[in-house]
Structures are given as C-alpha cells and as structure tokens.
Amino acid sequence: MPELPEVEVIIRELAPQVTGEVITKIKPYWHKTVVDSGFSTHKKQIENVTRHGKYILFQLNGGVIIVHLRMTGQLILKRSLDSDAKHLRACIYFDSGNILHFYDSRKFGRIYLTDNPQEVLVNTGIDALDKDLNSGAFINIIQKKKGQIKSLLLNQKNIAGLGNIYIDESLFAARIHPLTRVYQLKYEQIEKLYKEIQRILRIAIKGMGTTISDYKTAGGGFGGFQNQLHVYGRADKPCTHCGTSIAKIRVNNRGTHFCPNCQPVPKT
Ligand SMILES: [Zn+2]
C-alpha cells in the first residue's frame, strides 16, 4: 500500500502536469470508485495538488477531488484514453485533451468529489510531515494514548501517513519493540522515534518511495527505497546491525518485522 512517501512522490510529479487543467468530466468504470456527494466538478479548474496523510487532494476553484489509492491505486496522466486497460476504474477528462487515468486492480481505491474535504478527512489526524508536528507535539499525541506503539502509529486518527513499512523501519531505527506499550516508553525514546520517523520519511521521498508490489510513480517509474529497508520484508534474514534473524509477528493483522536483539521486549 502506498504510504506517505509514495503519495508525496506522486503529487510532486502530478502537480506540474495537472495544475491549471479544467475538468470536463469524470467517468467511473467501476461503480464504487467515484464517491459523488452531488458536487459537480464540471468546468472546475485544478489550482494545486496537495497531500494529507495518504490522501491526494486536487484543490479546485471551489471544492476538491480527494483520492485514496488504498492497496493498488495508480494515477497516470495520458494524452489519450487507454480504453483496453484491464484495471482502469475511472478517468478525469480535461479540456486540454489530457486524461488522468485511475488504475486499481484490487478496487479499494476511492475518488471523492466534495466541497467539504473535512467530510472525507474526518478520521485523519495531523500529517506526519506537518511542520506543526514538532517533537513536543508528537510526544503529546503519543503520551495521551494507551496501547501498543505500532497499533497507535498505524491508526491514521493519531498521525496520518504512516503505514506498515515506515513504522517497522522507524521502530527498528529507534530500537523500540513494536508491542511496547506507551507507558513503557521513556520520553527520550519517543523523541528518538519522532526523529527517526522524520528522517526515514524524508530519505524515502528522496529515494522516490518503496516499490513492493504495485506502486509506481505518476510517471510510471519505480521507487528505490526498497533497497534501504532494514527489517520490513526481511523475516529470517540477518539484522543489518547485529546479525540476529529478523522476526515477523502480526500486529492488527499486519505483518510486523523487528530484530529481537536490537528491539528487545520491554520490561514491564
Ligand atoms: Zn539487530
């Protein structure tokens, strides 16, 4: 699933391509993909493209198109219609003739048309790279919660944009076991976790994201961060730090990777 860095790479590629485009129509090819609250995008112009967590926001001159790629969604701009495409679920047509294609093999992705973005983003917390999320604000969010750190970070209501890959990598870098409960974490450990999340997200964006299965950039390219992973997808392989075999467990039904030596079970 694309996480914050992959979505950021996509919007950086798409923004210069579609900003200023005027929409003529939006055509769904799968009945659930486009969620239309009765809001009309006809003749609306794209003013800019932004991101909140894993959501892509096409800001219009009045209203917004919000895209969530979920598992397998891809947005690709083309000059003409790719009508034979097997996984094409919707198209946004522009009066320039360009067409933004939304491909999605698993069909969980959504395109919301709304004049009230808060309706869509209601369960989405502060973006992980929001400039207002300094270490104090991060620590404040975490310390107010109960439960295990990995679950807290997966919950987009707390902090938006993090998913399985970057949480596993950040917890490894901060030497925190994924099942550690908030009360077991020292202030300095949460501070370290904050710094590692910021560092790893930025490196991943520079590396154009992580390509595990379906993710491609808007230009159809692949990410490069998969070559820099320390724990994610490395079960039974030696830890890059100490050589111990990387363990894999399930947290919230998500495969969770960690080094049992570098990230020991916390003392209660
Ligand atoms: Zn290790």
Side-chain angles (χ1 to χ4, degrees), residues 1 3-8 51-55 121-207 209-210 225 228-235 239-268:
M1 176 192 282
E3 301 181 31
L4 186 155
E6 291 76 39
V7 176
E8 181 67 25
R51 183 187 56 71
H52 187 106
K54 301 173 194 171
Y55 288 94
L121 302 175
V122 61
N123 287 323
T124 310
I126 188 167
D127 185 82
L129 288 183
D130 192 310
K131 60 179 177 353
D132 290 335
L133 188 70
N134 55 28
S135 82
F138 179 84
I139 291 164
N140 197 26
I141 290 169
I142 298 299
Q143 285 191 325
K144 275 189 187 155
K145 308 288 177 205
K146 291 193 175 104
Q148 295 166 335
I149 189 67
K150 171 139 187 190
S151 300
L152 284 177
L153 296 174
L154 280 170
N155 187 343
Q156 301 296 298
K157 271 188 197 174
N158 298 325
I159 291 158
L162 299 171
N164 218 24
I165 298 174
Y166 298 104
I167 294 172
D168 282 6
E169 291 298 311
S170 300
L171 289 172
F172 171 75
R175 306 290 187 249
I176 295 171
H177 191 287
L179 299 181
T180 309
R181 295 189 165 272
V182 170
Y183 73 85
Q184 296 170 313
L185 285 168
K186 296 193 186 86
Y187 186 93
E188 296 74 27
Q189 286 181 290
I190 308 178
E191 198 171 36
K192 170 84 170 153
L193 177 60
Y194 168 78
K195 285 181 185 158
E196 294 298 346
I197 289 171
Q198 299 293 309
R199 181 180 71 81
I200 287 168
L201 290 177
R202 286 182 165 85
I203 294 174
I205 291 168
K206 269 195 190 155
T210 304
F225 193 73
Q228 297 181 55
L229 297 171
H230 290 276
V231 286
Y232 184 84
R234 297 194 65 251
C239 170
T240 52
H241 183 69
C242 74
T244 303
S245 289
I246 298 299
K248 185 177 180 183
I249 56 172
R250 293 197 86 77
V251 176
N252 292 14
N253 208 26
R254 310 296 303 274
T256 294
H257 310 75
F258 66 99
C259 171
N261 181 47
C262 295
Q263 297 162 267
V265 179
K267 295 183 190 80
T268 49

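All values below come from the heavy atoms of this structure, side chains included, with hydrogens, waters and symmetry mates left out.
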Taking all non-hydrogen atoms of both residues, which atom of [X] and which atom of [Y] are closest, and how far apart?
X	Y	answer
Glu169	Tyr232	OE2-N, 2.8 Å
Ala235	Lys248	CB-CB, 3.8 Å
Ala174	Leu193	CB-CA, 3.8 Å
Ser135	Glu191	OG-OE2, 4.1 Å
Asp127	Gly53	OD1-N, 2.6 Å

What I'd like to find out is whether the side chain of [X] reaches to under 4.5 Å of the side chain of [Y], using heavy atoms alone.
X	Y	result
Lys192	Glu196	yes
Thr256	Asp168	yes
Gln263	Pro178	yes
Cys262	Thr244	no
Arg202	Leu129	yes
Leu201	Leu162	yes

Determine, stepwise, if the pair Leu4 / Tyr166 fulfils side-chain contact (heavy atoms from CB on, under 4.5 Å).
-> CA-CA 9 Å; Leu4 186 155; Tyr166 298 104; over 6 Å; no

In residues 139-148, what donor-acceptor pairs under 3.5 Å come from side-chain atoms, sequence neighbours left out?
none

Taking the six-membered ring of Phe172, is NZ or CZ of Arg175 closer than 6.0 Å to its centre and within 45° of its axis?
-> yes

Verify side-chain contact (heavy atoms from CB on, under 4.5 Å) between Glu3 and Glu6, making sure each step is shown before the conclusion.
-> CA-CA 6 Å; Glu3 301 181 31; Glu6 291 76 39; 3.4 Å; yes

Val251/Leu179 under side-chain contact (heavy atoms from CB on, under 4.5 Å): CA gap, chis, key distance, verdict = CA-CA 8 Å; Val251 176; Leu179 299 181; 3.6 Å; yes

Would you call the rings of Tyr194 and Phe138 parallel, tilted or perpendicular, where under 30° means parallel and over 60° means perpendicular?
-> tilted

Should Lys150 and Thr180 be marked as a side-chain contact (heavy atoms from CB on, under 4.5 Å) after you check the CA-CA gap, both sets of side-chain angles, and the distance that decides it?
-> CA-CA 8 Å; Lys150 171 139 187 190; Thr180 309; over 6 Å; no

